[in-house]
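Keep in mind the model is a prediction, meaning the values are calculated, not measured. Start at 1 and go down the list; that is how both ligands and their atoms are numbered. Start at 1 with the first residue, then count along the sequence.
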Amino acid sequence: MDNPTIIPKPVKITSGEGVFNLSSHTKIEYDNYFYNEALFLEEVIPIKTGGIRNSITLKKNDLLAKEEYYLKIEKEKIILEASGSEGQMHAIQSLRQLIPTDYKNRLLNIPIKCVEIHDYPRFKWRGLLLDCCRHFIEKDFIKKYIDLLAYHKMNTLHWHLTEDQGWRIAINKYPELTNIGAWRKNKDGEIYGGFYSKEDIKEIVQYAESRNINIVPEIELPGHCVAAIASYPNLSCTGDSIDVENDWGVFKDIYCAGNDSVFAFLEDVLSEVIELFPSEYIHIGGDEAPKFRWEECNKCQARMIKENIKDEHELQSYFIKRIARFLEKKGKKIIGWDEILEGGIAPTATIQSWRGTQGAILAAKDNHNAIMSPTSHCYFDYDLNAIDLEKVYSFEPIPKELEGNEKEYIIGGECNMWTERAPQEKIDSKVFPRILAMSEVLWSTKEKNYEEFYERVQNHYPKLDEMNVAYGYEKTPIKYNVHFNKDQFNISIEKGNRNMDLFYKIDNNSWKEYSQPFSVSNSCTITTKEKNSRQKEAASKSLNINFHKGIGKKITYLTGYNENYTGSGRQTLINGISGSAENFRDGQWQGFFGEDVEVIIDLQENTTFSELTTSFFQYHLSWIILPRSIEYLISNDGNQFTTIYKKEDLASPMKEGKFKESFTYNNQHTARYIKLKAKNYGGLPKEHPAAGSKSWLFIDEFIIQ
Ligand code: ACM
Ligand code: ZN
């Protein structure tokens with residue numbers, strides 16, 4: 001018999017003696033109150049019941065709190081007690097998890113170990129955000145997630161329905177929102193999109209209700225609304241025709257705050273939304289709304305004068321409060337991202353803190369509820385380098401800055417599954433297994449032991465297999481550790497999963513099983529792949545080693561890189577490893593925010609070289625721009641430098657996409673010191689969504705040949 005365990009871990013669990021034999025001789029009994037729950041139980045247990053030999057009983061116990069339950073498994077009977085549907089369904093989910101998955105070999109009896117459980121949640125708000133806008137998510141997939149949330153005692157699905165890249169909810173009064181706004185033309189020419197009809201939404205909401213999952217719809221305003229503006233251009237400040245966005249980032253066209261017909265539109269939309277969703281809360285977004293258009297718009301400026309509003313942040317606050325008042329009149333409360341704190345908070349708003357925990361701290365100190373989703377632990381679109389299973393498990397939702405009853409304003413948390421880089425088929429591998437840790441952070445007691453949890457996660461995988469979850473890894477599956485020593489690179493490879501084996505090859509030589517560190521003494525490409533892990537898709541990863549004369553030499557920084565983008569530390573630029581052209585967070589890129597790059601390499605003796613190459617990253621939507629100019633200088637004493645090369649006008653700051661660009665200078669010189677200067681682009685240009693902000697300069701390597 002496998003070793004069933006429960007995730008999230010129950011508050012109190014006491015093992016008993018012996019087993020209960022679940023079989024066709026088992027009878028299900030219930031208080032009438034739990035008729036629906038009994039039907040659900042019959043649906044999810046792997047056997048058709050109806051006998052008399054032993055029994056499972058669903059009982060009502062009015063002394064228990066809303067989500068609290070008892071589950072007692074004895075040899076002859078199983079009893080589940082709760083005061084209502086929420087607790088009873090949690091009890092059933094725990095029972096389900098205790099049924100061994102190897103039952104298929106046991107046609108007659110499925111033994112379930114005797115145990116007694118008393119359980120209830122630490123936080124009342126336990127959610128997952130699904131972004132069905134950047135990539136469309138099919139109805140059945142949403143239902144699968146409703147089941148998975150319920151299985152792990154999460155209770156909230158935050159459904160992100162409107163975005164720059166797609167409007168996904170049918171609104172009768174404004175048909176172009178889905179005729180036009182639900183479809184974008186991708187860069188390869190493909191028309192991509194989809195939306196939910198009212199019937200689809202009713203079906204999903206009803207399904208969620210049957211599982212006690214509350215669906216909170218998010219209708220974004222005043223930003224992240226390019227798809228709405230593409231459908232109805234009069235909603236923007238300029239009134240210009242624009243396309244549904246086909247790139248990722250933050251965009252400057254937002255709803256005009258000076259135009260009353262914009263509020264009429266939003267009130268109409270929200271009225272139809274309210275009809276569909278029983279949720280007490282409506283999420284109205286509020287994040288990442290650049291104020292550039294408002295600053296230039298006569299209507300917005302006139303509104304500010306008329307309403308005595310001092311700046312555009314206050315204008316955003318006016319916008320949010322006006323919508324909040326409308327929703328309150330309709331009996332709904334609002335949730336907004338932490339930006340809605342800027343310029344004054346709407347009185348009954350709940351804050352979802354994503355830019356760290358500061359938003360939640362301010363909210364709680366101001367007697368507002370807060371939901372924790374800091375990017376540091378809760379962003380499941382981030383890769384495992386940034387947030388692995390252990391990191392999520394270490395998350396403590398209550399910020400230490402809060403004292404006494406301020407803590408009670410932290411009502412729970414959510415993990416966010418943004419889908420820019422995750423079409424539907426990748427979502428499982430991003431959400432699982434990390435959501436197991438999140439469910440435990442939000443449900444179980446504060447005292448935790450990662451090793452013990454890790455073992456339960458291993459036992460849990462067969463259950464996820466049964467539910468067709470294509471879970472990903474627990475941590476970065478393949479990680480290279482590289483050290484340069486004298487004239488060779490020593491390489492060790494760390495595996496992210498205890499059960500897997502690694503195989504590697506150097507250039508096109510044959511594959512070898514990795515068992516110990518090795519060294520290389522020429523430029524080469526190392527490729528590693530894993531075998532034997534449980535994951536559906538085996539990981540593989542390459543490393544490009546580039547031998548050159550700067551490796552291991554002394555580097556002096558005259559300017560500083562940013563603490564969030566340190567690459568692999570001080571030797572990054574001369575470590576022989578190039579950064580990837582796709583991922584500026586791969587540990588090989590250093591970022592300089594608003595600063596130039598100015599470094600001196602001391603080659604320690606006069607050295608002849610004939611080629612200098614530097615490479616930089618550009619992704620203008622993340623404010624990363626190529627340098628304005630680069631300059632190479634040489635010196636023999638480290639004080640007096642002479643320019644040997646200078647190139648200007650390198651940057652095209654609005655050039656789209658993510659790319660890496662290298663600049664090579666060929667000419668023979670001899671020197672001990674080489675200085676590299678790369679000039680930061682500076683303020684983002686007028687056409688940029690974040691016009692005027694500082695820009696990033698990213699560099700990975702300075703190659704001296
Ligand atoms: C967010 O990630 N912009 C809430
Ligand atoms: Zn305007």
Which residue supplies the protein heavy atom nearest to atom 2 (O) of ligand 1, what is that atom called, and how far is it? Tyr379 OH, 2.6 Å
Numbered atoms and elements of ligand 1 in range of Trp418, under 4.0 angstrom, heavy atoms: 1 (C), 2 (O), 4 (C)
I need the SG(Cys256)-the Zn ion (ligand 2)-SG(Cys300) angle, rounded to 10 degrees. 110°
Starting from atom 3 (N) of ligand 1, which protein heavy atom do you reach first, and at what distance in Å? Asp287 OD2, 2.6 Å
Just say parallel, tilted or perpendicular for the rings of Trp125 and Tyr281, cut-offs at 30° and 60°. perpendicular
Using a heavy-atom cut-off of under 4.0 Å, does the side chain or the backbone of Glu288 touch ligand 1, or both, or neither? side chain
To the nearest 0.5 Å, what is the distance between NZ on Lys332 and CD on Glu280? 8.5 Å
Can you tell me, to 10 degrees, how wide the angle at the Zn ion (ligand 2) is between SG on Cys297 and SG on Cys237? 110°
Determine whether Tyr318 and Arg303 satisfy the following criterion, side chain to side chain donor-acceptor pair (under 3.5 Å), listing intermediate values before the conclusion. CA-CA 10 Å; Tyr318 165 88; Arg303 168 91 71 203; 3.3 Å; yes
Decide side chain to side chain donor-acceptor pair (under 3.5 Å) for Glu220 and Trp167; before the verdict, give the C-alpha distance in whole Å, the side-chain angles of both, and the deciding distance to 0.1 Å. CA-CA 10 Å; Glu220 273 264 19; Trp167 183 284; over 6 Å; no
Is Glu163 paired with Arg134 through a side-chain N to carboxylate O contact shorter than 4.0 Å? yes
